[in-house]
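Just so it is clear, the values below take in all heavy atoms, side chains as well, and ignore hydrogens, waters and symmetry mates. Atoms within a ligand are numbered from 1 in the order they appear, just like the ligands themselves.
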Amino acid sequence: MPTMMSDSAIGTEIKYDAIVIGAGFGGLYMLKTLRDELKLKVRVFDKAKDVGGTWYWNRYPGALSDTEAFTYCFSWDQDLLQEWDITTRYLTQPQILKYINHVADRHNLRQDIQFETVITAAEFDEESSRWLISTNDGRKYSAKYLVTALGLLSATNVPNINGIDQFKGELYHTANWPRDANLNGKRVGVIGTGSTGTQVVTAIAPVVGSLTVFQRSPQYMVPVGNGPVSKEYVDNIKRNYDSIWEQVKNSKVAFGFEESQIPTMSVSEAEREKIFQNAWDKGGGFRFMFETFSDIAIDEKANIAAQDFIRKKISEIVKDPETARKLTPRDLYAKRPLCDSGYYATFNRENVALVDVKANPIKEITVSGIRTEDGVDHELDVLIFATGFDAVDGNYKRINIRGRNGIAIQEHWKEGPSSYLSVATANFPNMFMILGPNGPFTNLPPTIETEVEWVSEIIAYMEEEKLSSMEPNIEAETLWSGTCREIADKTLFSKADSWIFGANIPGKPHTVYFYLGGLGAFREVLHDVRKDNYRGFKFETQNSSDKKNTLTKQMQKEDA
Ligand code: FAD
Ligand code: NA7
């Protein structure tokens with residue numbers, strides 16, 4: 001049954017023009033544009049105690065962005081690009097958090113953000129064309145525009161393992177890491193060997209007493225190649241920032257390098273080895289997959305060549321052949337390409353053990369550790385879940401979001417989340433998403449900027465044209481999902497089980513969650529849709545007799 005808001009609901013609440021949920025990269029830039037450029041009255045909410053989003057929450061040892069520093073930042077503050085000191089090739093969590101805090105202070109953003117407040121519900125009132133927002137402290141707010149910058153790797157996944165509640169030691173998820181965690185000398189277990197698990201394992205191994213890694217799937221990893229950078233390196237970046245951003249925003253993965261145009265099998269075996277070795281020496285997961293050759297993510301033969309190279313490296317690095325065997329992946333190299341700071345070599349340490357939980361599953365968590373199917377009790381003081389996220393739509397499903405006729409977002413997305421161009425979804429008027437479903441799979445700050453700027457333009461347009469609401473046609477949304485599916489099916493990514501396709505959460509629809517066509521192509525689509533008077537969207541205006549007048553733009557075939 002749709003829930004309609006009571007007559008008294010609208011009128012008693014605190015009113016804003018726009019409410020933004022989330023104070024990470026997305027929410028902060030949205031606040032900046034809506035408040036300072038469009039002069040709207042904006043309020044941002046975040047359940048965190050401070051700004052930062054991902055980088056507020058993920059304080060685990062070893063947390064590092066694998067996007068190079070020069071492109072893991074905002075491009076819109078040109079003075080800051082020149083002023084901010086780049087000292088290392090990549091950025092650790094504290095470095096990124098410091099940067100985000102600086103941006104918030106520099107642009108006086110904090111004054112419009114309410115921290116430690118969870119948005120619990122958002123309902124669209126069709127009479128007033130406004131969103132009524134409820135928070136965990138029982139307060140109500142309303143706004144014409146609702147912007148969800150909830151994060152796509154933010155809702156934690158804690159698998160429901162038997163006995164989890166009886167563990168008497170310390171239990172942490174990497175994305176909810178306590179500031180006072182102390183692992184020194186302790187017996188530590190880590191479940192999960194994705195990007196996060198491998199970072200945390202590598203970082204804590206030298207300080208813990210013993211470390212047991214519970215691995216379900218082995219990973220293809222290449223070195224990250226972090227380290228200090230020279231003055232020449234930094235000067236060169238700062239001098240060329242305009243062309244760097246131009247290249248990044250027109251590229252596929254937006255990581256700040258030219259993607260290769262050379263097919264893997266078009267060169268000799270010796271040349272291939274040389275190219276892979278150079279990439280290995282230079283470091284970077286995305287560079288290894290996309291800068292070496294053009295077809296590793298789409299052609300199986302090319303993919304196998306890359307797999308073979310990494311497998312050979314594992315056998316060279318890991319001394320114990322049985323551990324090396326367990327660490328060696330045999331499946332496609334088609335998850336998010338990872339990089340590390342010595343992960344494989346960590347298993348040469350005396351205090352580190354590997355348990356293959358695919359061959360020998362976790363039976364239960366006991367009072368004092370983990371019992372595996374073979375009957376062994378792994379005694380632990382600390383158990384770390386590096387088990388990732390309910391990616392993309394996880395935070396949406398945790399809020400009671402209701403659109404037209406009271407339809408719940410969970411209902412609209414029951415076969416998997418969808419959107420029109422990642423930023424909007426049918427039946428949820430005036431709700432704009434930053435990094436919503438089916439957006440580009442890239443280095444994210446440039447994609448966040450693209451979406452924030454586009455949403456900002458839509459809102460400016462609505463204000464100028466005095467539109468009361470705007471939302472996509474369902475046909476446009478269906479077409480966009482089809483486009484995303486079609487592109488994904490041409491890649492090997494769709495053949496590997498990972499969070500990119502919802503495969504990491506039991507029961508989650510295994511469908512398409514990203515646009516794998518690249519940021520450049522995505523920006524072109526956005527540009528064309530805007531030029532075409534927001535093709536695919538429908539609008540409502542308020543006429544003089546205060547009756548709604550619906551203008552439905554003829555949806556034209558999306559040719560992207
Ligand atoms: P987030 O930073 O996730 O912020 C969302 C905010 O919304 C959070 O603070 C959350 O508390 C808040 N929120 C959610 N629901 C509610 C609610 N109901 N009420 C109130 N507040 C709410 N991306 C890259 O491009 N390169 C990388 O190298 C990279 N490394 C990563 C490493 C890790 C460990 C993780 C977890 C992610 C990484 N990412 C990386 C992805 C990263 O999430 C994005 O780059 C970027 O930080 C996302 O910013 P955002 O503002 O969209 O969302
Ligand atoms: P990921 O990449 O989803 O990795 C999660 C890991 O946890 C992965 O190794 C999983 O194994 C493992 N996992 C999940 N559930 C279980 C259970 N029940 N038992 C054992 N192991 C489990 O998350 P990350 O946080 O590492 O990275 C996500 C992104 O955030 C990353 O790409 C960066 O962009 C930042 P599986 O592989 O599913 O077999």
Test your reading of the structure: does [X] have an N or O sitting under 3.5 Å from an N or O of ligand 2?
X: Thr196; result: yes
X: Arg336; result: yes
X: Gln219; result: no

Could you list which atoms of ligand 1 come closer than 4.0 Å to a heavy atom of [X]?
X: Tyr60; value: 34 (C)
X: Asp66; value: 27 (C), 28 (O)
X: Ala149; value: 5 (C), 6 (C), 7 (O)

Between [X] and ligand 1, find which residue part has any heavy-atom pair under 4.0 Å and reply side chain, backbone, both or neither.
X: Asn395; result: side chain
X: Met30; result: neither
X: Ile21; result: side chain
X: Thr67; result: both

Per-residue contact class, [X] against ligand 2 - non-hydrogen pairs under 4.0 Å:
X: Asp497; answer: neither
X: Pro159; answer: side chain
X: Ala175; answer: neither

When you measure from [atom] to each heavy atom in [options], which option holds the nearest one?
atom: atom 52 (O) of ligand 1; options: Thr174, Leu152, Thr71, Leu435; answer: Leu435
atom: atom 31 (C) of ligand 1; options: Phe25, Trp55, Phe45; answer: Trp55
atom: atom 29 (C) of ligand 2; options: Thr156, Ile161, Ile500, Leu153; answer: Leu153
atom: atom 20 (C) of ligand 1; options: Glu68, Lys47, Glu451; answer: Lys47

*Mind checking whether Phe214 has a heavy atom under 4.0 Å from ligand 2?*
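In this structure, Phe214 fails to qualify as a contact of ligand 2 - no heavy atom is under 4.0 Å.
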*asked:* Contact between ligand 2 and Gln215 is defined here as a heavy atom of the residue under 4.0 Å from a ligand atom; is it met?
replied: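 No, Gln215 has no heavy atom closer than 4.0 Å to ligand 2.
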*asked:* So, taking the atom named CH2 in Trp55 and the one named CD1 in Ile96, what distance separates them when rounded to the nearest 0.5 Å?
replied: 4.0 Å
Can you find an N or O of [X] that's nearer than 3.5 Å to an N or O of ligand 1?
X: Ile448; answer: no
X: Tyr72; answer: yes
X: Pro445; answer: no

_Basic-acidic side-chain contact under 4.0 Å: Asp66, Arg336_ =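 Answer for the salt bridge query: yes.
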*Which residue holds the protein heavy atom closest to atom 31 (C) of ligand 2, what is that atom called, and what is the gap in Å?*
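Nearest neighbour among protein heavy atoms for atom 31 (C) of ligand 2, to 0.1 Å: Ser195 CB, 3.7 Å.
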*Of all the non-hydrogen atoms in the protein, which one sits nearest to atom 11 (O) of ligand 1, and at what distance?*
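Of every protein heavy atom, Asp46 OD1, 2.7 Å lies nearest to atom 11 (O) of ligand 1.
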*From CA spacing to verdict: side chain to side chain donor-acceptor pair (under 3.5 Å), Thr447, Thr442*: CA-CA 7 Å; Thr447 292; Thr442 60; 2.6 Å; yes
*Closest approach of Cys73 and Leu81, non-hydrogen atoms and distance?*
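Heavy-atom minimum between the residues: SG-CD2, 3.9 Å.
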Measuring only between side-chain heavy atoms, which start at C-beta, is [X] closer than 4.5 Å to [Y]?
X: Met433; Y: Glu451; value: no
X: Ile407; Y: Phe428; value: yes
X: Thr117; Y: Asn136; value: yes

*Can a non-hydrogen atom of Asn58 be found less than 4.0 Å from any atom of ligand 1?*
yes
